Structure formats: C-alpha cells, structure tokens
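Numbers restart at 1 for each chain; the letters A, B, ... are given by sequence-line order, proteins then strands. All figures in this text were calculated on a predicted structure; none of them were measured in a lab.
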2 protein chains.
Amino acid sequence: MDKIRSRSSARVTEPRQGAQAIRRALSVLRILAAGRENGVPLAEVVQVTGLTRPTVHRIVHVLIEEGIVERHDRTGRYAIGNQVPELALARPRPSPLLVAAGPSLRRASAEIGDTLFLTVRTGNDTLCVDRRIGAYPIQVLSIEVGARRPLGVSSAGVAILAALPAPDARKIVTANEKRFEGYRTDVATVLGEITAARRLGYGMREIGLVQGTKSISTWIKTPDGRPAAAMTVSAVRTRLGPRREQEVAEILLRETRAIEQAIRASA
Amino acid sequence: MDKIRSRSSARVTEPRQGAQAIRRALSVLRILAAGRENGVPLAEVVQVTGLTRPTVHRIVHVLIEEGIVERHDRTGRYAIGNQVPELALARPRPSPLLVAAGPSLRRASAEIGDTLFLTVRTGNDTLCVDRRIGAYPIQVLSIEVGARRPLGVSSAGVAILAALPAPDARKIVTANEKRFEGYRTDVATVLGEITAARRLGYGMREIGLVQGTKSISTWIKTPDGRPAAAMTVSAVRTRLGPRREQEVAEILLRETRAIEQAIRASA
DNA sequence: GCGTTGTTGTCCATATTATGGACAAAATAC
DNA sequence: GTATTTTGTCCATAATATGGACAACAACGC
C-alpha cells in the first residue's frame with residue numbers, strides 16, 4: 001500500500017489507519033455484490049482483491065456467521081446475504097437522485113423508445129439503479145437494476161470517468177486493471193475511450209457489452225462538479241446510426257441538464 | 001468473551017476467530033441501523049456496544065471513508081450510509097417471506113381494519129419489514145418499515161422470543177439488557193411477558209410503545225421450527241377489549257398458519 | 001478404479017495490526 | 001465567564017489478523 005498525502009481535488013483527509021481488516025472485508029463485499037444472486041467463487045474474490053486465500057476465506061466465513069454473506073450450497077459460491085438489505089432499510093427509501101431523475105427518464109424513454117439506464121458510481125464500480133424499457137419492440141435488457149461492473153467497461157462507466165478529473169480517472173482505471181480481463185478490455189483501451197468521450201461530450205461504445213448493441217451515455221454532475229451518475233441508451237447497433245446517434249445524444253444531454261437542475265433545486 | 005462449544009439446537013460451528021475488528025464493525029453498524037435516518041450519537045454507540053470510545057470512533061470513521069456510514073453535519077450523529085442500499089441491490093428484490101406473507105397480510109388487514117405489521121428477527125433486533133394500514137379511521141402509524149428495536153420491547157419481539165427455545169431467548173434478552181433502559185423496561189419484565197405469551201399462544205402488550213395503544217402478535221415459524229417473523233396488530237387500546245382481542249388473535253393465528261404453509265410451498 | 005488438476009478449507013508461529021488508557025479539543029450547558 | 005458533556009487524537013503495547021504450507025475434497029480423464 002502507498003501512503004498518499006494530499007489530492008489536488010476536494011477532500012484532503014483520506015488515509016485513516018487501524019482498520020485494515022474492516023477495509024478488506026468491505027472490498028470483499030463489493031466483489032460479492034458484483035456477483036448478484038449467483039455470487040462469486042472464492043478463487044475469484046482472491047484473484048480480484050489480491051488478498052491471500054486464507055484471509056479471504058476467514059473474512060467470508062465470519063461474514064457468513066454474521067448473516068452478511070451467504071454461501072450457496074449447490075455451487076459453493078458466495079453472495080451478499082439477507083442482512084444487507086435489512087441494514088439498508090435504515091435509510092429513507094427513494095434516493096434524491098432517483099427522484100430528481102424520474103421525470104427526465106420518463107420523458108427521454110418515451111421520446112427515444114430504446115432502453116434507458118441510470119447508473120451511479122460506487123467506489124470503483126458502476127451500479128445500475130434504474131432502467132426504463134422503451135416502446136420499440138427490440139430492447140437491450142441484459143443490464144438489470146443492481147448490476148455492477150468495474151468503472152470503464154460500460155459506456156456509462158466511461159462517461160463517468162470522462163467527467164472526473166483526469167488523474168482520478170486514471171487511478172480508478174489502473175485499480176480496476178485486474179478486473180478488465182473478464183470483460184475483454186484493458187487499461188489502454190479504456191483510457192482511449194475516456195479521451196474520446198471528453199472530446200465528443202458523451203460516452204459511446206460501438207461494441208456494447210452485449211454482441212451487436214451500441215450504447216450512448218451522458219454524465220450527470222452534482223452542483224460541486226463531481227459526476228453523480230450517467231444516463232445511458234442501449235439499442236441494437238443498426239438502430240443507432242450516425243444521424244440517430246446525434247439525435248439521441250441531444251435528447252440525453254438536454255435531460256441531463258434537467259436532472260442537474262432538479263438536483264440543485266432539491267439541495 | 002466466552003468460549004461456547006456446542007449448542008443444543010441446530011448449528012454447532014459458531015465461533016470462528018481472527019476477525020474481531022470485522023465483528024465489531026458490524027455490531028456498530030447494527031446500532032446505527034436502529035437510529036434510521038437520524039442516526040445515533042457516538043456516545044450511545046459506545047454505551048450500547050460496550051466498546052471503548054477510541055475503538056468506536058476509529059471504526060465509524062473508517063466506515064465513513066468507505067461510504068458505509070454517514071455523519072450528519074448538523075447533529076454530528078452517525079447513520080447508515082448510501083453504500084449499504086447499493087450493496088443491497090445485489091440481492092433479488094422481494095424476500096420470499098414478503099411474498100409468502102403478502103396475501104395473508106392483505107386479507108387480515110381488510111378483515112381487522114387496524115394497522116398490521118410484519119416483523120422479522122435480525123440478530124438481537126426486531127425489524128419491521130411490512131406495514132398495512134387498515135380502514136378504521138384511527139390507525140397506529142408510529143412504527144415504520146425499517147424500524148428496528150431490541151428484541152423484547154415490542155409485542156412482536158416478545159412473540160418471536162416466545163417461539164425460540166427458552167435458553168436462546170434468555171440469552172438474547174440478557175444481551176439486550178443495556179438497551180432496555182431506553183424503552184422503560186427490563187430483563188425481568190420481558191421474561192415475564194415471554195412466559196405469558198407462551199401460555200396465551202400469542203404476544204400481547206397492554207401498554208404499547210406508544211401511549212394508549214395495545215398490540216397483539218403471533219409468531220410465524222419456518223419449516224424447521226425456528227421463528228421467522230411476527231405478525232402484529234396495533235390499535236388504540238379501547239378498540240381491543242377482551243372480546244375483540246380474542247377475535248383478532250384468531251384471525252392472526254389463522255393467517256399465520258397460511259403463511260407457514262406458503263413458506264413450505266415455496267421452499 | 002487411480003492419478004491429475006482445480007477448488008476450498010485449516011493450522012499456527014509470527015509480525016502487523018488494532019487496541020484502549022490518557023490527554024486534548026470542541027461543543028454545549030450553566 | 002466556567003463547568004460539563006461529547007467528540008477526537010496519540011502511541012506504547014498486547015492481542016489480533018496474517019499468510020505460507022499443508023490437507024481435504026470435487027470434478028474430470030482414462
């Protein structure tokens with residue numbers, strides 16, 4: 001581990017010590033969260049976190065005893081346990097972002113007709129928090145609410161990274177290096193996509209995570225200038241030619257501004 | 001800490017070591033969860049967990065850095081952070097219990113007309129996971145979905161304790177001793193209520209948590225005989241005289257059996 | 001059946017990490 | 001203004017978490 005002193009951007013009080021084990025447990029949890037209901041095999045957690053197997057094993061089993069993690073008997077995979085949603089109930093139900101974005105998502109979805117996603121950043125991951133299905137008969141539904149992927153592998157992730165200060169983005173991308181393999185991409189490619197997104201004003205992937213799909217993402221910023229989320233349209237590639245890409249991007253950018261306004265209003 | 005070897009009931013593999021810090025962090029989290037949106041002052045966490053202040057302080061602040069806990073600027077209280085619901089999204093949305101209980105809650109609510117609660121046990125707490133408002137114009141709405149209290153202070157808690165093996169119940173009650181003060185009760189009173197509930201077949205509190213209310217709770221068991229939840233009716237005391245208590249209890253017991261059947265069917 | 005490979009699980013000596021007593025600084029009450 | 005309560009920090013020390021090495025088990029091939 002490296003001792004980082006100060007960041008050029010906002011917060012300066014980052015590195016607090018005396019809780020290595022807790023931090024490790026949390027990074028394990030985040031990997032498990034990426035596995036959703038199916039969970040993740042121990043070996044993969046070891047691989048991705050870079051911790052040793054005994055350590056991961058110990059952490060995971062303590063968390064099982066505590067009800068935070070479950071182990072699927074049949075597959076032996078580890079997954080987020082039911083105590084996590086129970087803890088989550090402590091918070092008021094709909095997040096301010098979802099409230100602020102609701103009307104815009106409805107409008108954009110009606111207007112565009114393809115599947116719309118709202119994705120937030122959580123640590124080094126993107127997390128899909130809302131999805132609206134459009135009227136067009138062919139819809140890209142592969143990504144579900146709750147889906148979690150390393151920042152950088154989806155157009156939403158690229159958009160969010162593009163909206164971050166370059167050094168921060170770079171740091172996240174390199175931190176995710178190990179996890180990129182599973183998505184057939186790498187640090188250089190992602191950095192290239194980020195640069196392209198900055199130039200374009202929105203994130204775009206000709207080759208979506210699903211074969212034959214294309215995605216366009218805009219970034220949504222909080223009043224302090226930090227990216228809060230991304231709004232994404234995914235569709236079969238043939239439906240998003242250059243002309244329509246332009247059209248869709250304009251709608252997304254318009255609604256993005258509306259959401260940013262709504263956030264400001266609610267704060 | 002004591003070294004428990006074996007339990008008379010089910011699980012025998014309980015005490016795994018090498019993760020004190022993680023367990024402590026989790027017990028802190030559970031206390032914070034009880035504080036809901038408002039959170040809990042540090043001193044209270046210290047008092048209830050029995051940990052030292054430096055330790056709690058360290059844990060809480062690491063969790064803040066990780067996004068698991070938030071500190072409300074104005075009050076200085078600590079609360080569950082937004083990363084917890086994000087992790088929770090990894091699990092499929094409606095819990096099997098909620099699905100199984102849904103129709104029964106609807107029926108019972110329509111029939112009784114007073115507020116109905118579904119409460120689960122989570123560790124040493126009860127957690128309200130569903131609430132149905134009845135048709136009668138005066139409703140007891142003080143307990144909200146997500147509300148968390150020490151097992152023993154509500155009629156639902158008493159019901160769940162009554163359904164547990166006596167030694168387990170006793171252990172939980174003594175573990176909660178410190179927290180009872182805040183609810184104007186104590187170990188002896190709670191143990192008495194549990195015994196009474198076992199005799200009656202359902203839990204009952206003449207003096208509810210809210211002045212002038214009365215509650216009746218039945219316990220719901222999983223196929224293996226462990227209590228999974230409690231179903232509760234709360235109403236102003238005058239509306240629950242001896243005759244109607246009897247009536248309501250019978251409806252609850254009937255629907256309880258229906259839920260138990262539904263759980264068996266879904267397993 | 002019996003090696004082979006790829007998992008997961010366990011042990012324990014050791015160094016690293018988390019601990020908590022004591023002290024300090026805010027915030028709040030008086 | 002001082003007293004009191006609450007939160008925050010330090011650091012020497014002991015207890016805790018660590019990970020190398022080994023073991024058990026499962027899945028596959030033949």
If you check the L42(B) side chain, which of dG20(D), dG8(D), dA18(C) turns out closest? dG8(D)
Closest to the P54(B) side chain, choosing from dG21(C), dA18(C), dT10(C): dG21(C)
Atom CD1 of I59(A) and atom P of dT10(C) are separated, to the nearest Å, by 16 Å
Both R71(A) and T52(B) contact DNA chain C. Taking the nearest nucleotide for each, which residue is further toward the 5' end? R71(A)
Grab the CG-C1' distance between L63(A) and dG9(C) for me, whole Å please. 17 Å
Quick one: Q47(A) CD to dG6(C) P, roughly how many Å, whole number? 15 Å
What is the separation between atom CG on L51(B) and atom P on dT7(D), rounded to the nearest whole Å? 15 Å
Between dA18(C), dT7(D), dT8(C), which nucleotide gets closest to the side-chain atoms of A21(A)? dA18(C)
Is any side-chain heavy atom of I64(A) closer than 4.5 Å to a side-chain heavy atom of H61(A)? yes
Specify the separation, in whole Å, of atom CZ of R58(A) and atom P of dG20(D). 12 Å
Return the nearest nucleotide to the side chain of H57(B); candidates are dT19(C), dG9(C), dG8(D). dG8(D)
Check this one for me: any side-chain N or O of Q20(B) less than 4.0 Å away from OP1 or OP2 of dA15(D)? no
Can you find a donor-acceptor N/O pair under 3.5 angstrom joining the side chain of R53(A) to the base of dT8(C)? yes
Ring centres of H57(A) and Y78(A) under 6.0 Å apart? no
Any R77(A) side-chain N or O less than 4.0 Å from OP1/OP2 of dT7(C): no
Should T55(B) be listed as having a side-chain N or O under 4.0 Å from OP1 or OP2 of dG20(C)? yes
Short side-chain N/O contact to dT7(C) OP1/OP2 from Y78(A), under 4.0 Å: no
Tightest non-hydrogen contact, residues G35(B) and V40(B), listed as CA-CG2, 3.6 Å
What is the distance, to the nearest angstrom, from the CD1 atom on I64(B) to the C1' atom on dT7(D)? 12 Å
Rounded to the nearest angstrom, tell me the gap between atom CZ in R74(B) and atom C1' in dA27(C). 14 Å
Please check if the side chain of T122(B) supplies one atom and the backbone of D125(B) the other of a donor-acceptor pair under 3.5 Å. no
Is it true that a side-chain atom of E193(B) and a backbone atom of R205(B) form a donor plus acceptor pair closer than 3.5 Å? no
Go through dT7(C), dG19(D), dT6(D) for me and flag the one nearest to the R24(A) side chain. dG19(D)
